[in-house]
Amino acid sequence: MVNTSEVKWIPTNYRTNTLNEIASNGKLFINSEVTLCGFAEIIRGKGAVCFIRLRDGTGHLQAFIKKGNVSDQELELSQNASRESTFQIKGIIAEKRAPKVPEGEPLPPAEYEIVASEVNILSLAETPMPLGITDKVEVGMDVRLDNRFLDLRRKHVNAMFRLRSKILQYGREHLISEGFGEINSPKIIAAAAEGGTNLFPIKYFDRNAYLSQSPQLYKQLAVMGNLERVFEIGPAFRAEKHDTYRHLNEFISFDIEMAWASDEDVMCVQERMITQIWRKIKENDQNLIDDVNEFRISDGKEPIVVNVPTIPFPRVSYCDAIELIKKSGSDIKWGDDIEAHHADIIAEKYSEFYFIPRWPMSMKPFYIFHDKSEVSKTGGQLSRGFDLNYGRDEMTSGGQREHRAGVLTQNLIDVGLNPDDFDFYVDGFRYGAPPHAGWGLGVARLLMVLTGAGNVRETVLFPRDRKRCTP
RNA sequence: GCUCCUGUAGUGUAGUGGCCUAUCAUGCAGCCCUGUCACGGCUGCGACCCGGGUUCAAAUCCCGGCAGGGGCGCCA
């Protein structure tokens, strides 16, 4: 279930070992006395014996409870316990009796079990459960989310969130290796950071405030402060009434910002980070991918394969993308947004990761850098803003930022924002400002790509959408 | 904001006007068997979202409500 090779599992007051330690190194434990804990995944046996398949956060192990080894009361309570009840069992590790195999077939590898001498039921599970942990019965998304704590116990769901943790870990490690430091920006803000999307208003004592839609302005200020290269993994809030497989109203954004860099420089950081995440997952976490695949196969889906993408990712500039879409017969002109059905056309040619650099300045936020000499064939002003897509889906939005205070103020005016509201930001650029660039990446969307999940709700523990604010 | 669709046992489903005191699986309860391990066998429990209407007859058709899902726009 989890790669425990590098983890030191220190005993707790409840257990001496994890189940996986015993299951994978049983030989070393034979005849030794241990105390183990876990959920009872299956309870079988009547009369003189009882078998419990225990599960903890590391793996599984069978407990064998036999009349005479424990009190009659312990045996009976165990036999009558409901599935998913939690147990603490003290006993001796032994090799499992080998199963009967048909003539001529080889015996399976040795397995181990704990032969109980003491059984302590920590908590009895109520019945029936709202959804089955191991049952081969489908469950609707709504029931799953209402009972996420149970849903998470299902192997493939559990694996999904362990993979999420790995993505964050490997991403962090990679950025740190390139000189980035982690920051935390405020999530309570006074004014709309970027305009455009709707914010959630909140009461901040006796004033009005909002939940942050993006760490954008603050990570830039951190760079102005000579933190040089920063990243943040934190929540962003958007009060948009969307209702799709890829949108939530609260999501975790993986953001970077770096000094002395252009749009192209941070695209390179991103493709290095993504390939490194893929490479590490492939090296270390195939077991988690296998858990996901086991479910996908039982569900009639293709198993996922972790293919490390090759660098560089294709760059399909905005202008080229428009040409490509036009060629397919779609009605689009320079200056139009590339919508989902347009992205489908690009995805026919570029089905994996690709960048769309150099969007029209008119379509990008005020803080994006533009160079007057960089224009389209038709004369439209280009920007240093880019997107990263995977097929039809947008993963990232980023770009080189405007570091000229005067231009920033003009940009604010051009998009109809009041520069006075942004003094806290523009002031940061008045006393020397390095050219800089960055991006924000949707963690859940990246996990969707990695795992083939068809809905962002699969990749977020407790998703917040238009209809759902609990649990 | 605009669209399309769906509500049947705890869970997932079958059902398209009468054969529905509603199918199957899983679950749960009980019994039998058993060093079990995809265990097996038997018995039982448990449901048509709510309110109107059409009809001799409604889970099924119509209207309203409530709840949920898909898609679009916008975005990560």
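Both backbone and side-chain heavy atoms feed into the values below; hydrogens, waters and symmetry mates do not. In what follows, chains carry the letters A, B, and so on, assigned in the order in which the sequence lines appear, proteins first and then strands, with residues in each chain numbered from 1.
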Asker: So A:Gln79, base contact, sugar-phosphate only, or nothing? Heavy-atom distance under 4.0 Å.
Answerer: nothing
Asker: Contact class for A:Ala340 vs. all strands (heavy atom < 4.0 Å): base, sugar-phosphate, or nothing?
Answerer: sugar-phosphate
Asker: Is A:Arg468 salt-bridged to A:Asp146, going by a charged N under 4.0 Å from an acidic O?
Answerer: yes
Asker: Out of B:G12, B:A76, B:U36, which has the shortest distance to the side chain of A:Val139?
Answerer: B:G12
Asker: Could you work out which one of B:G70, B:C72, B:A25 sits closest to the side chain of A:Arg457?
Answerer: B:G70
Asker: Find the partner of B:G40: check Watson-Crick (N1-N3 plus N6-O4 or O6-N4) and G-U wobble (N1-O2, O6-N3) distances, both under 3.5 Å, and reply none if neither fits.
Answerer: B:C32
Asker: Applying the 5.5 Å / 30° rule, does A:Phe251 stack onto the base of B:A76?
Answerer: yes
Asker: Using OP1 and OP2 only, check whether a side-chain N or O of A:Arg466 sits under 4.0 Å from B:G69.
Answerer: no
Asker: Could you tell me whether A:Lys96 contacts a base, only the sugar-phosphate backbone, or nothing, with contacts defined as non-hydrogen atoms closer than 4.0 Å?
Answerer: base
Asker: Nearest of B:G73, B:U26, B:G10 to any side-chain atom of A:Pro128?
Answerer: B:G10
Asker: In whole Å, what is the span from the CG atom of A:Asp146 to the P atom of B:G12?
Answerer: 11 Å
Asker: Could you let me know what B:G1 is paired to, Watson-Crick or G-U wobble, both distances under 3.5 Å, or none if it's on its own?
Answerer: B:C72
Asker: When the P atoms of B:A29 and B:G46 are compared, how many Å lie between them, rounded to an integer?
Answerer: 15 Å
Asker: Just how far, in rounded Å, is C1' of B:C37 from CD1 of A:Ile43?
Answerer: 14 Å
Asker: Taking atom P in both B:C49 and B:U13, compute the distance separating them and give it to the nearest angstrom.
Answerer: 14 Å
Asker: Just N and O in the side chain of A:Arg44: are any of them under 4.0 Å from OP1 or OP2 of B:C37?
Answerer: no
Asker: Does A:Glu41 pair with A:Arg83 as a salt bridge, N-O distance under 4.0 Å?
Answerer: no
Asker: Take atom CG of A:Asn389 and atom C1' of B:C75, then tell me their distance rounded to the nearest Å.
Answerer: 12 Å
Asker: NA contact type, A:Gln62, heavy-atom cut-off 4.0 Å: base, sugar-phosphate, or nothing?
Answerer: base
Asker: Rounding to the closest angstrom, what is the interatomic distance between B:G44 and B:A59 at atom C1'?
Answerer: 25 Å
Asker: Does a nitrogen or oxygen in the side chain of A:Arg83 sit under 4.0 Å from OP1 or OP2 of B:C28?
Answerer: yes
Asker: May I ask you to evaluate whether A:Ser397 reaches the phosphate of B:A76, defined as a side-chain N or O under 4.0 Å from OP1 or OP2?
Answerer: yes
Asker: In whole Å, what separates the C1' atom of B:U6 from that of B:U55?
Answerer: 25 Å
Asker: If you go through the side-chain atoms of A:His247, does one of them form a donor-acceptor pair with the base of B:C74 closer than 3.5 Å?
Answerer: yes
Asker: Can you tell which of B:A25, B:G68, B:G35 lies closest to the side chain of A:Asp142?
Answerer: B:G68
Asker: Looking across every strand, which nucleic acid part, if any, lies under 4.0 Å from A:Phe254 by heavy atom: base, sugar-phosphate, or nothing?
Answerer: nothing
Asker: Both conditions, 6.0 Å and 45 degrees, for the charged tip of A:Arg384 above the ring of A:Phe369: are they met here?
Answerer: no
Asker: Salt-bridged, A:Glu294 to A:Lys155, with N to O below 4.0 Å?
Answerer: yes
Asker: Taking the C1' atom of each, how far is B:G40 from B:C33, in whole Å?
Answerer: 8 Å
Asker: Could you tell me if A:Tyr354 and A:Asp387 have a donor-acceptor pair between their side chains, going purely by distance under 3.5 Å?
Answerer: no
Asker: Once you round it to whole Å, what is the distance between P of B:U36 and CZ of A:Arg53?
Answerer: 17 Å
Asker: Calculate the interatomic distance between A:Phe237 atom CZ and B:C74 atom C1'; express it in whole Å.
Answerer: 19 Å
Asker: For A:Pro130 and A:Phe64, take the nucleotide of RNA chain B holding the closest heavy atom to each; which residue's nucleotide lies nearer the 5' end?
Answerer: A:Pro130
Asker: On RNA chain B, nearest-nucleotide positions of A:Leu388 versus A:Ser82: which is more 5'?
Answerer: A:Ser82
Asker: What does B:G27 pair with, Watson-Crick or G-U, if both distances are under 3.5 Å?
Answerer: B:C45
Asker: Using whole Å, report how far CD1 of A:Ile42 lies from P of B:U26.
Answerer: 14 Å
Asker: Under 4.0 Å between any heavy atoms, over every strand shown, what does A:Asp393 touch: base, sugar-phosphate, or nothing? Just pick one.
Answerer: nothing
Asker: Which nucleotide wins on minimum distance to the side chain of A:Arg445, given the candidates B:A76, B:U36, B:C72?
Answerer: B:A76
Asker: With a 6.0 Å cut-off on ring centres, are A:Phe64 and A:Phe51 close enough?
Answerer: yes
Asker: Provide the distance between the two C1' atoms, one in B:U11 and one in B:C31, to the nearest whole Å.
Answerer: 25 Å
Asker: For B:C24 versus B:G68, give the span between their C1' atoms, rounded off to a whole number of Å.
Answerer: 24 Å
Asker: Taking any heavy-atom pair under 4.0 Å as a contact, classify A:Ser253: base, sugar-phosphate, or nothing.
Answerer: nothing
Asker: Using 4.0 Å as the upper bound for N to carboxylate O, is an ion pair formed by A:Arg272 and A:Glu178?
Answerer: yes
Asker: Hey, is the side chain of A:Asn455 poking within less than 4.0 Å of OP1 or OP2 on B:G69, counting only N and O atoms?
Answerer: no
Asker: Could you tell me which nucleotide pairs with B:A9 by Watson-Crick or G-U wobble geometry, both distances under 3.5 Å, or answer none if nothing does?
Answerer: none
Asker: Roughly how many Å apart are B:C61 and B:G17, using the C1' atom of each and rounding to a whole number?
Answerer: 8 Å
Asker: A:Asp135 CG to B:G27 P: how many Å, rounded?
Answerer: 5 Å
Asker: Ion pair present between A:Arg144 and A:Glu458, side-chain N to carboxylate O less than 4.0 angstrom?
Answerer: yes
Asker: Think A:Arg392 has a side-chain N or O under 4.0 angstrom from the OP1 or OP2 of B:C72?
Answerer: yes
Asker: Which of these nucleotides, B:G73, B:U36, B:A76, is closest to any side-chain atom of A:Glu394?
Answerer: B:A76
Asker: May I ask you to say what A:Val49 touches in the nucleic acid, namely base, sugar-phosphate or nothing, with a heavy-atom cut-off under 4.0 Å?
Answerer: nothing
Asker: How many whole angstroms separate atom CD of A:Glu41 from atom C1' of B:U36?
Answerer: 15 Å
Asker: Examine the base of B:G10 for any acceptor or donor lying under 3.5 Å from a partner atom in the side chain of A:Glu126, and report the outcome as yes or no.
Answerer: no
Asker: Mind running salt bridge (Lys or Arg N to Asp or Glu O under 4.0 Å) on A:Arg172 and A:Glu182 for me, showing each step along the way?
Answerer: CA-CA 8 Å; A:Arg172 266 197 179 93; A:Glu182 188 159 5; 2.9 Å; yes
Asker: Have a look at A:Leu248 and say if it touches a base, only the backbone sugar-phosphate, or nothing, with a 4.0 Å heavy-atom cut-off.
Answerer: base
